[in-house]
Amino acid sequence: MSDSDEVALAKLPDQSNGLKDENEEAPLALIKASPKKRKSNGSANGEPKKKRKKTTKTKVKAEKVEDVPMTEVANGSQGSQDVKDVKDTATPKPEDSEDGDDYKWWEDDKFGEGPERWQTLVHNGVIFPPPYEPLPSYVKLYYDQEPVDLPPAAEEVAGFFGAMLETDHAKNPVFQKNFFEDFLQVLEESGGCNVEILEFEKCDFSKMYAYFEKVREEKKNMSKQEKKRIKDERDALEEPYRTCLLNGRKENVGNFKVEPPGLFRGRGAHPKTGKLKKRVYPEDITLNLAADAPIPPAPEGHSWGEVRHDKSVVWLAMWKENISDSFKYVKLAANSSIKGISDMKKFETARRLKDHIERIRADYRKMLKDQFMQNRQIATATYLIDVFALRAGGEKGDDEADTVGCCSLRYEHVTLKPPSTVIFDFLGKDSIRFYQEVEVDRQVFKNLRIFKKEPKQPGDDLFDRISPSTLNKHLQGYMKGLTAKVFRTYNASKTMQDQMDLIENEGTVSEKVMRYNAANRTVAILCNHQRTVTKGHQGSVERIQEKIKEMEWQKIRMKRMILQLDPSEKKKKPKYFEEIDDLTKEDLMMIVHRLIEKQKEQAQKKWTRDNEKRKAEKQELLGEDDLQEKLDKIEETKKEYETEVETENPEVPKGSTVAKLQSQIEKLENRILNTSFQLKDKEDNSEVSLGTSKMNYIDPRLTVMFSKKFNVPIEKLFTKTLRDKFNWAIESADENWRF
DNA sequence: TACTGGACTTAGAACTTCCCTC
DNA sequence: GAGGGAAGTTCTAAGTCCAGTA
């Protein structure tokens, strides 16, 4: 079909394109088979949504304490009973060790099956953040130049802002407005203050900020022993909460600390950013543990909101947060059996997709021309999810940042450039921009044009007949457990496998690591995993480049020295000496001058530092002449180098031999090679975040296979945390494993 | 059957520790 | 051994998806 045919086709009504609509009378943008709106958090009449509760679970309702004072909750008096105590009374000892360390759940084929996620669960509850400590009386908020005497509750909130004064958040007007509203409310509720505070602009938080900076600086400058003492104390306090007993085995708990109060740091343009995240009290917390497990004591004067014994879930504690009325959970750590099992299941589901993917692709290609609009949308969405790794894209409320995924793409997010180029430009999860100009299947292009057809306009949904739920229902028809997100896992791991297949088993370990990272990067780019370029990035790239230049210069110098010792070497190994003329005189001069400048700077710095030290030790200070002497020496070296550049004859150090110089050159060459790899990696990775795909999308058994097949220590590919998380993969995959 | 609460995974930012250079 | 940047870890926001309910 020619391009003009396509344009003509697009102008025809839907049916003449062979496309039927289930609701044929109304234009597309006006009919909604399942009308989609941006969800709002209230009901239609503006009342809050009705809350539901599970009825089938065993519950022990604890006494509700009204109006808990802000300062009373801390763990000092809590948790007198630690895991060691509880496990003696509550859980039968398994026949082998209690330590999860030598238990290999992945070798136990029945483990993790059935609706019950655990049999016994014993834990010590959660740690609460320390109570608020009022600021010293001289640290105040100023309003219109006046010092303000704030009640502690309001001072705490003002302090949250003061501590963030120099961040981007604090400069965001929405953040400021939300903070200020909540601050005023807390101020009113806590009894007001000596000044009438009306305008945010008149608030001066600088004294507070300066105080927090001072405290931070003091903390930084604490002695090593002092820092260690504090850490040891903290570790001892946290120890009982770090682990729990799951099915009689000791396992690590992940986030056992209740989130402290603060200002909500929403990502992107979040309408609620800056709002006060309230302090969580024991009364807000629901614990989940075995029915026969001892209930950990709540902090003194408090009681738990509720205690459940729900084996169908894996959380140990939860509470409701006040920003978006959703739940926060305390769960097991990433290296726990429960997390490992669901991780392995996730990758196994993705692997099963291998057996279905061809049929699915053939089907959606056919379905792209389906007579029903909904089917065309399903097919087109599946294509986008499969080919460009888009997320499903659920509905979002007006009280959230405006971000989208596939099913929630709107008119303005997709630009069509005939014959088949599509520009995607939208904010995805975490308000990370997705921008791609891509070639698509002709029929996909045609469909997108239909989905954008009048009367649709900016603001309208592109996929108005489907939602992640309908799409997933369709996918389940192909394979149990298949949902939109499985495609991301599948395509990420498949890409990694394919990239690894291209890597030759040769070169040094660092070369192999670099190739592994390059493969990892391909996956990260596919999944659009980005990171903000660090402040010092450009500078550090330049420094590495200079370092390489300097090393190359040194190498050339040494080769010239060899020729001075034995000129016949050049005839013996002409190739080896080829590079001695690689750098022009200007290049060499530039390197020399940079090196000299650096040396001068360092001398100056050292002189200042030494004097500061002497001053502190009450010793006689070094004079200006001392510094000048050093600078003069450097100046002499400079002259020597300059002469050397002119004559091309570096001075040969005493005791040098051809063999010694050759060995030094070899070492230097290795350093240059390694530094160049390092530089390349750094540049390629500046805007791409490799960690997310490594942690969530790439089947860890691929990395283990790579490590074993290419003899790269796993430590070079997985950090300690990842090795713990993926222990199941490390122990179960070999060099022949395939995704 | 549609809706949404609830439970879970995925994500980048922020913070801490480690390691290299001087 | 101090300073600074990179690597690693923690924190918590922001997604996905399913099951229970009206």
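Lettering follows sequence order; numbering is per chain, from 1. Just so you know, these numbers come straight off a predicted model, no measurement behind them.
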Inset, instruction - Specify whether A:Phe161 and A:Phe175 have parallel, tilted or perpendicular ring planes, treating 30° as the upper limit for parallel and 60° as the lower limit for perpendicular. - result: tilted

Inset, instruction - Output yes when at least one side-chain N/O atom of A:Ser431 is less than 4.0 Å from OP1 or OP2 of C:dA14, else no. - result: no

Legend entry - A:Glu226/A:Lys228 ion pair, N-O < 4.0 Å: no

Inset, instruction - Before accepting this row, confirm whether a basic side-chain N of the pair A:Arg308/A:Asp310 lies closer than 4.0 Å to the acidic partner's carboxylate O. - result: no

Inset, instruction - Would you indicate, yes or no, if B:dG12 has its OP1 or OP2 atom less than 4.0 angstrom from a side-chain nitrogen or oxygen of A:Thr692? - result: yes

Legend entry - A:Arg242 side-chain N/O to C:dT10 phosphate OP1/OP2 under 4.0 Å: no

Legend entry - Closest-nucleotide ordering on DNA chain B, the 5'-leading residue of A:Arg265 and A:Trp315: A:Trp315

Legend entry - Distance-only polar pair, side chains of A:Lys320 and A:Ser326, donor-acceptor under 3.5 Å: no

Inset, instruction - For A:Glu321, answer base if it contacts any base atom (sugar-phosphate contacts may also be present), sugar-phosphate if it contacts only those atoms, and nothing otherwise; contact means non-hydrogen atoms under 4.0 Å. - result: nothing

Legend entry - Proximal nucleotide (of C:dC17, B:dC8, C:dG15) relative to the A:Val313 side chain: B:dC8

Legend entry - N or O in side chain of A:Lys231 less than 4.0 angstrom from B:dT16 OP1/OP2: no

Inset, instruction - Would you mind telling me which of B:dA7, B:dA14, B:dC8 lies closest to the side-chain atoms of A:Met318? - result: B:dA7

Legend entry - Ion pair check, A:Arg410 and A:Asp461, cut-off under 4.0 Å: no

Inset, instruction - Taking only the side-chain nitrogens and oxygens of A:Lys346, find out if one of them lies under 4.0 Å from OP1 or OP2 of B:dT10. - result: yes

Legend entry - Short side-chain N/O contact from A:Ser689 to OP1 or OP2 of B:dA11, under 4.0 Å: no

Legend entry - Minimum-distance nucleotide to A:Thr483 side chain [options: C:dC17, C:dA13, B:dA13]: C:dC17

Inset, instruction - Tell me whether the OP1 or OP2 atom of B:dT1 has a side-chain N or O from A:Lys473 closer than 4.0 Å. - result: no

Inset, instruction - Taking only the side-chain nitrogens and oxygens of A:Asn472, find out if one of them lies under 4.0 Å from OP1 or OP2 of C:dC17. - result: yes

Inset, instruction - Can you spot which of A:Arg352, A:Lys346, A:Arg351 makes a salt bridge (Lys or Arg N to Asp or Glu O under 4.0 Å) with A:Glu348? - result: A:Arg351

Inset, instruction - From the options B:dT10, C:dC11, C:dG8, select the nucleotide whose nearest atom is closest to the side chain of A:Thr721. - result: C:dG8

Inset, instruction - When you get a sec, tell me which of C:dA13, C:dC17, B:dA11 is the closest nucleotide to the side chain of A:Lys485? - result: C:dC17

Inset, instruction - Check whether the side chain of A:Lys429 and the base of B:dT10 form a donor-acceptor pair under 3.5 Å. - result: yes

Inset, instruction - Would you mind telling me which of B:dA7, C:dA14, C:dT9 lies closest to the side-chain atoms of A:Thr719? - result: C:dT9

Legend entry - A:His270 side chain near C:dA14 phosphate (N/O to OP1/OP2, under 4.0 Å): yes

Legend entry - A:Gln530 side-chain N/O to B:dA11 phosphate OP1/OP2 under 4.0 Å: no

Legend entry - From B:dA11, C:dG15, C:dT16, nucleotide with atom closest to A:Ala392 side chain: C:dT16

Legend entry - C:dG15 phosphate, OP1 or OP2, under 4.0 Å from A:Thr403 side-chain N/O: yes

Legend entry - A:Lys720, nearest nucleotide to its side chain (from C:dT9, B:dC8, B:dT9): C:dT9

